[in-house]
Amino acid sequence: RLLVGGEALPPELAAFLLSEGHTLFNLYGPTEATIWASHARVTDADRISLGTPVQNTQYFIVDDALASVPMGVPGQLLIGGDCVGRGYLASDSTRAFLEPATRPGERFYATGDMVRHLGHGDLEFMGRLDNQVKLNGHRIELDANGDSADFGALGNRAGAIPEPSTGLLSAFALLGLALAARRRAA
């Protein structure tokens with residue numbers, strides 16, 4: 001049995017693991033929602049779902065105005081329930097952690113992930129709604145990161161993360177929709 005999470009499961013990797021005879025589960029969830037917020041067994045590499053929420057967790061797919069979208073229509077995934085954290089320590093959390101007036105006492109995490117409901121409780125991950133990327137486990141908000149530079153109207157960005165403990169410098173470049181990363185000795 002293999003539990004795969006942390007990043008989107010590439011169909012090529014799923015196909016390989018399934019061809020090796022493994023029982024495969026895709027696990028989804030951001031740190032802000034206690035790491036794993038849903039799970040799905042993968043039996044077909046061409047149909048990888050985020051699955052159904054774990055116990056005491058709810059999913060909502062919403063538009064820009066935070067209104068629910070119909071089944072099959074892409075929208076942002078909000079996660080609610082016991083798994084959602086209180087916010088970020090010593091940081092403004094109001095953009096990510098929502099407490100809607102229509103649901104007093106409840107807190108939701110706005111993931112920034114675009115998904116659509118496939119029916120039977122399954123969700124399809126369709127990408128990010130922003131320019132966030134991960135490099136060596138670090139989340140980088142390319143639009144807001146002071147260490148990134150804008151290289152044109154196509155949304156090209158570049159930046160670097162020093163890693164003092166290893167003496168390495170991690171650099172990233174977002175060119176259109178493709179991410180390229182390199183590591184070299186600092």
Side-chain angles (χ1 to χ4, degrees), residues 5-11 26-40 47-54 56-135 138-159 172-179:
E7 294 295 331
L9 176 59
N26 187 38
L27 304 171
Y28 168 84
T31 302
E32 292 84 353
T34 322
I35 313 294
W36 294 343
S38 66
H39 57 90
R47 184 172 149 75
I48 299 174
S49 166
L50 298 184
T52 56
V54 298
N56 298 321
T57 302
Q58 299 87 41
Y59 280 173
F60 302 91
I61 305 171
V62 299
D63 61 18
D64 291 340
L66 301 180
S68 293
V69 299
M71 187 175 301
V73 174
Q76 178 174 200
L77 176 61
L78 301 185
I79 300 175
D82 294 343
C83 67
V84 176
R86 294 182 184 168
Y88 301 120
L89 182 64
S91 179
D92 180 16
S93 303
T94 56
R95 283 183 44 215
F97 293 89
L98 311 173
E99 295 184 19
T102 57
R103 298 181 77 124
E106 293 187 49
R107 184 175 40 257
F108 300 90
Y109 175 65
T111 65
D113 290 337
M114 182 171 45
V115 301
R116 68 179 174 162
H117 195 277
L118 300 174
H120 300 77
D122 284 342
L123 299 180
E124 176 185 17
F125 176 77
M126 301 181 72
R128 293 284 307 165
L129 293 168
D130 55 19
N131 286 325
Q132 183 185 89
V133 296
K134 281 189 182 176
L135 180 64
H138 298 280
R139 289 184 192 173
I140 301 168
E141 299 283 351
L142 295 180
D143 288 339
N145 189 323
D147 294 333
S148 68
D150 185 348
F151 287 105
L154 293 176
N156 299 331
R157 307 264 193 268
F172 63 89
L174 182 68
L175 307 171
L177 296 177
L179 174 67

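Between L123 and H117 the shortest side-chain heavy-atom distance falls below 4.5 Å. L78 has its side chain out of reach of Y59: every pair of non-hydrogen atoms, C-beta onward, lies at least 4.5 Å apart.
From N56, atom CG reaches atom SG of C83 across 9.0 Å, with rounding to the nearest 0.5 Å. A distance of 6.5 Å separates CG of L77 from CG of D113, quoted to the nearest 0.5 Å. The CD atom of E32 sits 3.5 Å away from the OH atom of Y88 when rounded to the nearest 0.5 Å. To the nearest 0.5 angstrom, L27 atom CG is 8.0 Å from S38 atom OG. The CG atom of D122 lies 12.0 Å from the CZ atom of R116; values are rounded to the nearest 0.5 Å. Here the straight-line distance linking atom CG of L118 with atom CE of M71 works out to 9.0 Å at 0.5 Å rounding.
The two atoms that bring V84 and I79 nearest to each other are CG2-O, 3.2 Å, heavy atoms only. Among all heavy-atom pairs drawn from G85 and R107, the shortest one is O-NE, 2.7 Å. Looking at every heavy atom in both residues, L98 comes nearest to A110 through CD1-CB, 4.2 Å. Counting all heavy atoms, side chain and backbone alike, S49 lies closest to N26 at O-ND2, 3.0 Å.
Ring planes of Y109 and F97: tilted class, angle from 30 to 60°.
Of the options V54, T111, L9, a side chain to side chain contact (heavy atoms under 4.5 Å, CB included) to Y28 is made by T111 and by none of the others.
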